[in-house]
Amino acid sequence: MPDAFDAPTIELLADRLQTLATQAYDAGDPLYADLLDTNAKQLIAESPFHQTFPDDISCAARIVASIVTLSPHPVDGIHHIHELAYLLHRCGAALDIRFHYVHGPRSDQLAIGIEDARADRLIRAGQRRTRHGHGYSLFTGLYPKPDMLGDLSAARAAAILQQAQDTPQFAFELATSILFLRDDWDYYGKGEISPVDEIACRRALTATADRISQALSLLRQLGLHEPSPLLPTTHKLTGA
């Protein structure tokens, strides 16, 4: 008979409670859904198996787990973790990881850290599908909230994550891409071509004028916007 008091069993029970919470929301009973969701989080928070990070986890896995745990909502998709990590890094977290550009800021260290965090049971990855049938991972944390995320306090990191997740998804992706191209990537024509116009060319279907405005608004709110001829306070796309 399997042990009823171990980490996998507790995680399975919490996952079932969260599934019931989602079903209750869909059925129009938010009070019952909130109760189920609270019980699921409490089950993990009070578990003796999920109180402190293991001593031997990698720096990248710790960063990933901290981002997912401090996020006010489940983190939807692997690339979103990379973009949130870059934003936190630029907001003062000073993370000890390197980023490069592939349709947005990406990190090979974080890619490994995500796999390590899953293998070490620091995060849970549920599978979801978009309305078009495409699959993606929805990440939730399995450990209590850390006191710090890099050089940021947990409270400050959580506030930044809240602002990021309150921003429409495509606008958020554009914000991190604009920031990365402006400060960390030597694209062809840099110094003459605005990073906004560069992103508009690279992501023509995504970079609408409204989304660009939302992206620049997020950068201003976080103190990352530097008005200049290459990144003005407001922006009208070339040819718009």
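Throughout, numbering of the chain's residues begins at 1 and tracks the sequence.
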How long is the span from the [atom1] atom in [X] to the [atom2] atom in [Y], to the nearest 0.5 Å?
{"X": "Ile199", "Y": "Tyr187", "atom1": "CD1", "atom2": "OH", "value": "8.5 Å"}
{"X": "Thr206", "Y": "His103", "atom1": "OG1", "atom2": "NE2", "value": "10.5 Å"}
{"X": "Leu13", "Y": "Asn39", "atom1": "CG", "atom2": "CG", "value": "11.5 Å"}
{"X": "Arg202", "Y": "Leu181", "atom1": "CZ", "atom2": "CG", "value": "5.0 Å"}
{"X": "Arg62", "Y": "Asp120", "atom1": "CZ", "atom2": "CG", "value": "10.5 Å"}
{"X": "Leu142", "Y": "Leu122", "atom1": "CG", "atom2": "CG", "value": "7.5 Å"}

Contact check, side chains of [X] and [Y], non-hydrogen atoms, under 4.5 Å:
{"X": "Asp184", "Y": "Tyr86", "result": "yes"}
{"X": "Lys41", "Y": "Leu17", "result": "no"}
{"X": "Pro72", "Y": "Leu161", "result": "yes"}
{"X": "Gln18", "Y": "Arg124", "result": "yes"}
{"X": "Phe139", "Y": "Ile67", "result": "no"}
{"X": "Ile178", "Y": "Ile212", "result": "yes"}
{"X": "Leu224", "Y": "Cys91", "result": "yes"}
{"X": "Tyr143", "Y": "Ile44", "result": "no"}

Are any side-chain N or O atoms of [X] and backbone N or O atoms of [Y], one a donor and one an acceptor, separated by less than 3.5 Å?
{"X": "Lys190", "Y": "Trp185", "answer": "yes"}
{"X": "Thr38", "Y": "Asp34", "answer": "yes"}
{"X": "His82", "Y": "Ser107", "answer": "yes"}

Side-chain polar contacts of residues 73-81 - donor-acceptor pairs under 3.5 angstrom, sequence neighbours left out - could you list them?
residue : atom : partner : partner atom : Å
Asp76   : OD1  : His80   : ND1          : 2.7

Exercise for review: Using a cut-off of 6.0 Å, state whether more than 12 heavy atoms not belonging to Asp147 lie near its atom CG.
Suggested key: no
Practice item. Output all residues satisfying ring pair (Phe, Tyr, Trp, His ring centres under 6.0 Å) with His89, sequence neighbours left out; order by chain, then residue number. Key: Phe99
Check your understanding: Any salt bridge (charged side-chain N to carboxylate O under 4.0 Å, His left out) pairs touching residues 94-119, not counting sequence neighbours?
Key -> Glu83-Arg106
Check your understanding: Is there any salt bridge (charged side-chain N to carboxylate O under 4.0 Å, His left out) pair reaching into residues 153-165, and which pairs are they, with sequence neighbours excluded?
Key ->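 Qualifying pairs, neighbours excluded: none.
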Check your understanding: Between Ile123 and Thr140, does a side chain to side chain contact (heavy atoms under 4.5 Å, CB included) hold up when you go through it step by step?
Key -> CA-CA 6 Å; Ile123 59 174; Thr140 53; over 6 Å; no
**Study point:** Residues in salt bridge (Lys or Arg N to Asp or Glu O under 4.0 Å) contact with Arg16, at least two apart in sequence or another chain
**Key:**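 Arg16 satisfies salt bridge (Lys or Arg N to Asp or Glu O under 4.0 Å) with no other residue.
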Review point. Who passes salt bridge (Lys or Arg N to Asp or Glu O under 4.0 Å) against Arg121, sequence neighbours left out?
Key: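 Per chain and number, Arg121 pairs via salt bridge (Lys or Arg N to Asp or Glu O under 4.0 Å) with Glu11.
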Testing the basics here: between [X] and [Y], what is the closest heavy-atom pair and its distance to 0.1 Å?
{"X": "Leu87", "Y": "Ala164", "value": "CD2-CB, 4.0 Å"}
{"X": "Ala175", "Y": "Leu218", "value": "CB-CD2, 4.1 Å"}
{"X": "Gly150", "Y": "Leu95", "value": "CA-CD2, 4.0 Å"}
{"X": "Tyr32", "Y": "Ala24", "value": "CD2-CB, 4.1 Å"}
{"X": "Leu110", "Y": "Ala60", "value": "CD2-O, 4.3 Å"}
{"X": "Arg211", "Y": "Ala171", "value": "O-CB, 3.7 Å"}

Check your understanding: Can Leu179 be reached from Phe170 by stepping across I, L, V, M, F, W or Y side chains whose heavy atoms are under 4.5 Å apart?
Key ->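 No: no chain of side-chain contacts under 4.5 Å links Phe170 to Leu179.
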Check your understanding: When clusters are formed by joining ILVMFWY residues with side-chain heavy atoms under 4.5 Å apart, either directly or through shared neighbours, do Tyr25 and Leu36 land in the same one?
Key -> no
Point to revise | Residue pair Tyr188, Ile193: steps toward the side chain to side chain contact (heavy atoms under 4.5 Å, CB included) verdict | key: CA-CA 9 Å; Tyr188 181 78; Ile193 302 173; 5.6 Å; no
**Study point:** Residue pair Phe172, Gln165: steps toward the side chain to side chain contact (heavy atoms under 4.5 Å, CB included) verdict
**Key:** CA-CA 8 Å; Phe172 170 68; Gln165 291 191 317; over 6 Å; no
Check your understanding: What do the steps show when you test Gln162 against Asp166 for side-chain hydrogen bond (donor to acceptor under 3.5 Å, both in side chains), and what is the final call?
Key -> CA-CA 6 Å; Gln162 178 76 65; Asp166 285 345; 3.0 Å; yes
Practice item. Begin with the C-alpha distance, continue with both residues' side-chain angles, and end with the deciding distance and a verdict on side chain to side chain contact (heavy atoms under 4.5 Å, CB included) for Ile160 and Leu222. Key: CA-CA 8 Å; Ile160 294 168; Leu222 294 173; 4.3 Å; yes
**Study point:** side-chain hydrogen bond (donor to acceptor under 3.5 Å, both in side chains) between Ser217 and Gln221, intermediate numbers included
**Key:** CA-CA 6 Å; Ser217 176; Gln221 292 170 31; 3.1 Å; yes
Check your understanding: Does the pair Glu173 and Arg203 meet the rule for a salt bridge (Lys or Arg N to Asp or Glu O under 4.0 Å), with working shown?
Key -> CA-CA 11 Å; Glu173 292 175 3; Arg203 306 189 63 177; 2.9 Å; yes
